Number of protein chains: 2
Amino acid sequence: MSGQILIVDDEAAIRRLVRGAVERGGLTADEAANAAEALTYARRPGCELVLLDLGLPDRDGIELIPHLKALDRTVIVLTARDAIAEKVAALDLGADDYVVKPFDTDELLARVRVALRRHNSSPAGHDRLRAGAVEIDLNEHKVWRDGELVKLTRKEFALLAELTRHAGKLLTHAHLLRTIWGDGHVEDVAYLRVAIRALRLKLEVDAASPSYLMNEPGIGYRLIV
Amino acid sequence: MSGQILIVDDEAAIRRLVRGAVERGGLTADEAANAAEALTYARRPGCELVLLDLGLPDRDGIELIPHLKALDRTVIVLTARDAIAEKVAALDLGADDYVVKPFDTDELLARVRVALRRHNSSPAGHDRLRAGAVEIDLNEHKVWRDGELVKLTRKEFALLAELTRHAGKLLTHAHLLRTIWGDGHVEDVAYLRVAIRALRLKLEVDAASPSYLMNEPGIGYRLIV
DNA sequence: CGATTTGCGTAAAGAACGCGTAAAAACGGC
DNA sequence: GCCGTTTTTACGCGTTCTTTACGCAAATCG
């Protein structure tokens, strides 16, 4: 299972220090020592935030920022370089925050929390989302329909969560497959069909004529609000 | 007219400095010298982001954070207090960033841009195109004619999108065939005819005498704006 | 000036596709 | 080894796409 936070730094000591801070906050972490590894881990579903050192052996970390943002990951740059120009460049490229080494682990953790708070909840605050009769708690991994608790499997929940986060929007097969099953399964539309059906059976009034989880033939699925 | 940015600081010199930075970035600003004023300005519609000094004469700025967040304003704390505990407290109370004085105005502006980018990107980027009575949303794969939703198939949509992207311009058979059907079907003009007809039936007032999807004999098609 | 060609619109039939559905096989945690 | 979950496979059905054919008008040509 992949962690929520990805720590990218070539020095093992730093990685350990950061990981300590992150785990103290109850979060899970992966580690990468170079740019190539970083991209591999960042692509894994479940990865939300990347703590990025700029001084990597194979590539300048700053080049990674656009790639990470394209994956919809939050990026906090964590580096010894404190030149203003560098900060501005990183932030303008899409970085969400910029912390200069040496840093305090408490402050880092606080900034990580800020970033995650934002990432997980567009209507700022709680991690409860509602779309129509369905309510979903992202932290508690619980789902209600008309106030009644519904039991979902992990995949079902992940799929519903992704659809709910972008309620009303059309999400492509590829997007859903990538976010929930990972890069290797972008073509496995069958997974999606089976999972969607399971959700419909549990959430729709009549699974045979859905009014909530809608299909856009050839494109993807959309959750109606 | 209220500005997008509210600068809260009891020192006029600081306010002027910050305002300079903000306006250099093409943004407008209001100023408040104490907590009471700050709340008044923050309540005004159009205010998106508050740059908040913590050392205010009437109240501790940190107490303002929850109020500002309740108004759904982005908050960047901008203060001389650099105690870690203070940073963590402010961030956990809902502040979006924390910048310690003395700060560099370029970095501040970059952080303001980051915050605004985020603030404005939640009601996500519609890329919608319009050509005459027809409006088309490329992300949502939806098309309206005179405000009324029209249902298109994939190929129809792709064709209309390509024509709309280059509205008014003449697109050759080969170009359209290549972009929608791929390299292998550059010669299959029949596809194009069938698809164009389907679009006309759905979008034109009278498909038999088109006024919107025009043919340029021997060359290609053009969408009239 | 009439015959022929060329390109377009139109219609309709068959093939291919995508989806829903079901159920069996493989997997993984306890 | 068992039970719930996930993956894999298969089939029917409706929709969409492709293919083919024909009529018509304008352009081309003898």
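Computed from a predicted structure; not experimentally measured. Each chain gets a letter, A, B and so on, in the order its sequence line appears, and its residues count up from 1.
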Write down the distance between [atom1] ([X]) and [atom2] ([N]), rounded to a whole number of angstrom.
| X | N | atom1 | atom2 | answer |
| --- | --- | --- | --- | --- |
| Met214(B) | dG9(C) | CE | C1' | 14 Å |
| Ile196(A) | dG18(C) | CD1 | P | 17 Å |
| Leu199(A) | dT21(C) | CG | C1' | 15 Å |
| Leu176(B) | dC8(C) | CG | P | 12 Å |
| Leu201(A) | dA23(C) | CG | C1' | 14 Å |
| Glu216(A) | dC19(C) | CD | P | 10 Å |

Please determine, for the side chain of Arg197(B), which listed nucleotide (dC19(C), dG9(C), dT10(C)) has the closest atom?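 For the Arg197(B) side chain, the nearest candidate turns out to be dT10(C).
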
From the list dG9(C), dG20(C), dC19(C), which nucleotide is the closest neighbour of the side chain of Tyr221(A)?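 Nearest to the side chain of Tyr221(A) among the choices is dG20(C).
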
Across the strands shown, which category fits Ala208(A) at heavy-atom distances under 4.0 angstrom: base, sugar-phosphate, nothing?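 Touches sugar-phosphate only.
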
Please classify the nucleic acid contact of Phe157(B) as base, sugar-phosphate, or nothing, using heavy-atom distances under 4.0 Å.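 Touches nothing.
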
Salt-bridge criterion met for [X] and [Y] (N-O under 4.0 Å):
| X | Y | result |
| --- | --- | --- |
| Arg73(B) | Glu48(B) | no |
| Asp53(A) | Arg15(A) | no |
| Lys69(A) | Asp96(A) | yes |
| Arg111(A) | Asp97(A) | yes |
| Arg145(A) | Glu148(A) | no |

Show each protein N/O and nucleotides 12-22 of chain D N/O combination with a separation under 3.5 Å, one pair to a line.
{"from": "dC17(D)", "atom 1": "OP1", "to": "Lys155(B)", "atom 2": "N", "distance (Å)": "3.1"}
{"from": "dC17(D)", "atom 1": "OP2", "to": "Thr153(B)", "atom 2": "OG1", "distance (Å)": "2.7"}
{"from": "dT18(D)", "atom 1": "OP2", "to": "Trp181(B)", "atom 2": "NE1", "distance (Å)": "2.6"}
{"from": "dT19(D)", "atom 1": "OP2", "to": "Tyr191(B)", "atom 2": "OH", "distance (Å)": "2.0"}

Would you say His173(A) reaches dG18(C)'s phosphate, i.e. side-chain N/O to OP1/OP2 under 4.0 Å?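 No, no such contact exists.
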
Please determine whether the number of non-hydrogen atoms from other residues, nucleotides or ligands lying under 6.0 Å from atom NE2 of His175(B) exceeds 12.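 Enclosed: over 12 neighbouring heavy atoms sit under 6.0 Å from NE2 of His175(B).
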
Does the plane of the ring in His141(A) sit parallel, tilted or perpendicular to the ring in Phe157(A)? Use 30° and 60° as the thresholds.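 Judged by the thresholds at 30° and 60°, the geometry between His141(A) and Phe157(A) is parallel.
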
